[in-house]
*Asks:* 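Sharing a structure with you now.
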Protein chains: 2
Amino acid sequence: MKLTRKSAAPRDGAPTLDRIDRAILRHLQQDASISNVSLAAKVKLSAPACLRRVERLKESGLIRGVVALLDARALGAGMLVVIGFVLDRSTPETFAAFEKAAQKVSGCIECHVVTGEFDYFMLVRTRDNDSFNRLHAEQLLYLPGVRQVRSFIVLKEILSTHALPL
Amino acid sequence: MKLTRKSAAPRDGAPTLDRIDRAILRHLQQDASISNVSLAAKVKLSAPACLRRVERLKESGLIRGVVALLDARALGAGMLVVIGFVLDRSTPETFAAFEKAAQKVSGCIECHVVTGEFDYFMLVRTRDNDSFNRLHAEQLLYLPGVRQVRSFIVLKEILSTHALPL
DNA sequence: CTTGAAATACTACTACG
DNA sequence: CGTAGTAGTATTTCAAG
């Protein structure tokens with residue numbers, strides 16, 4: 001099977017995307033509840049052609065999934081906290097144990113290994129001060145191999161998106 | 001308009017959700033590309049009844065939107081960096097200026113005011129070391145009112161979700 | 001006020017040019 | 001890639017709980 005579609009700046013590894021593919025991704029990234037026909041109209045393509053591209057983008061893994069974004073506050077998870085961790089010792093076992101346990105922390109939405117003065121950063125959603133205090137005392141402090149836990153409570157969410165530049 | 005549907009643990013402010021609503025949200029949060037009929041089957045409801053609930057959840061704002069999640073690496077944004085900022089002075093004007101400028105940083109996906117030793121945390125997606133170095137030198141260091149910029153490069157993304165517990 | 005059944009309109013999807 | 005046709009879905013209407 002030969003690919004005929006070309007991009008202006010072909011980078012390797014990634015499937016080659018033309019202007020229309022990028023337009024499709026740009027739209028779906030912001031609203032994927034739109035029907036295929038109106039998406040096709042937006043990118044000036046016939047419906048089947050548009051659908052074929054969307055399916056190809058899904059199969060290629062470029063579209064990882066389609067999800068509903070919920071209102072955290074309405075669901076009693078209006079408080080966001082950034083947490084930095086320093087581990088006792090930097091051994092593979094220590095890291096593995098921490099990572100396994102970290103994924104089970106209630107409301108943990110992100111967890112990353114980082115360079116610098118912390119070993120891990122975690123983002124946790126919880127209800128309020130009380131619930132975070134409980135989480136802190138009952139879960140965070142008991143994560144294996146932790147020497148230091150530093151919490152940065154989010155006072156205001158300036159920007160929160162998932163949209164990548166295209 | 002009065003709501004009659006009741007939940008076991010009614011909290012105020014949030015619209016009251018019953019077991020079925022939560023099941024719907026739980027499913028859509030993980031896969032919103034599913035058709036309404038199969039969603040209805042999963043939550044053991046007729047298609048129209050299910051659709052009505054979904055629409056209500058959208059109108060109430062509880063479902064903020066439906067979006068496609070893209071593969072960052074395939075799109076040349078495989079590098080994630082957590083950045084902490086300390087501002088020169090803590091005045092309303094300083095903060096406002098920073099926030100306005102921060103939203104324009106290329107690849108900035110999150111930005112929050114936090115308590116503690118930093119004033120802001122920002123999450124940025126970029127391509128690689130080179131592109132981040134450029135971003136750092138050309139944009140981050142020029143953000144208004146910044147005294148200190150501390151970057152934590154993400155070496156490994158352990159967990160990254162948007163799903164809230166229901 | 002919510003539900004399910006039937007009917008309609010629209011959309012996704014397939015085959016073909 | 002587009003056109004035309006088919007299959008299935010979303011959406012409305014309505015009667016009932």
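Proteins come first, then strands; the chains are lettered A, B, ... in the order of their sequence lines, and each starts at number 1. Values reported hereafter were calculated over all heavy atoms of this structure, with side chains retained and with hydrogens, waters and symmetry mates removed.
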*Asks:* Taking the minimum atom-to-atom distance to the side chain of A/L51, which one of C/dT2, C/dC13, D/dT11 wins?
*Replies:*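 Looking only at side-chain atoms, A/L51 lies closest to C/dC13.
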*Asks:* Answer with yes or no whether the hydrophobic clustering places B/V149 together with B/V124; edges join I, L, V, M, F, W, Y residues whose side-chain heavy atoms lie under 4.5 Å apart.
*Replies:*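 B/V149 and B/V124: one cluster.
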*Asks:* Choosing from D/dC1, C/dA12, C/dA6, which nucleotide comes nearest the side chain of B/P48?
*Replies:*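 Nearest nucleotide to the side chain: C/dA6.
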*Asks:* Could you tell me the separation between the CD atom of A/E55 and the P atom of C/dT11, rounded to a whole number of Å?
*Replies:*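 From A/E55 CD to C/dT11 P: 17 Å.
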*Asks:* Looking at D/dG2, C/dG4, C/dC13, which one has an atom nearest to any side-chain atom of B/A49?
*Replies:*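 The nucleotide sitting nearest to the side chain is C/dG4.
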*Asks:* Let me confirm one number: the CG-CG distance from A/L166 to A/L17, rounded to the nearest 0.5 Å.
*Replies:*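 One gets 8.0 Å once the value is rounded to the nearest 0.5 Å.
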*Asks:* Check this for me: does any side-chain nitrogen of one of A/E157 and A/R125 sit under 4.0 Å from a carboxylate oxygen of the other?
*Replies:*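 Looking at A/R125 together with A/E157, the answer is yes, because their closest N to O distance falls below 4.0 Å.
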*Asks:* Once you round it to whole Å, what is the distance between C1' of D/dT11 and CZ of B/R56?
*Replies:*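 It is 17 Å, rounded to the nearest whole Å.
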*Asks:* Can a side-chain donor-acceptor contact be found between B/Q29 and B/H27 if the only test is distance below 3.5 angstrom?
*Replies:*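 Their side chains do not contain a donor-acceptor pair, so the 3.5 Å distance test is not met.
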*Asks:* Could you tell me how far apart A/K44 (NZ) and D/dC1 (C1') are, to the nearest whole angstrom?
*Replies:*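 From A/K44 NZ to D/dC1 C1': 17 Å.
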*Asks:* Which parts of residues 25-37 of chain A get close to DNA chain C, meaning a heavy atom less than 4.0 angstrom away?
*Replies:*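 Residues of residues 25-37 of chain A under 4.0 Å from DNA chain C: A/S35, A/N36, A/V37.
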*Asks:* Round to the nearest Å and state the distance from A/L45 atom CG to C/dT11 atom P.
*Replies:*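 Result: 17 Å.
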*Asks:* When you get a sec, tell me which of D/dT11, C/dC13, C/dT3 is the closest nucleotide to the side chain of B/R52?
*Replies:*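 Selected nucleotide (nearest to the side chain): C/dT3.
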*Asks:* Can you measure from CG (B/L159) to CD (A/E99) and round to the nearest 0.5 angstrom?
*Replies:*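 The CG atom of B/L159 sits 10.5 Å away from the CD atom of A/E99.
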*Asks:* Rest of the hydrophobic cluster containing B/F121 (Ile/Leu/Val/Met/Phe/Trp/Tyr, side-chain heavy atoms under 4.5 Å)?
*Replies:*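 Result for B/F121 is A/L80, A/V82, A/V86, A/I109, A/V114, A/F118, A/F121, A/L123, A/F152, A/V154, B/L80, B/V82, B/V86, B/I109, B/V114, B/F118, B/L123, B/F152, B/V154.
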*Asks:* Counting heavy atoms from C-beta on, name the nucleotide in D/dC1, C/dT3, C/dC13 closest to the side chain of B/R53.
*Replies:*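 That would be C/dT3.
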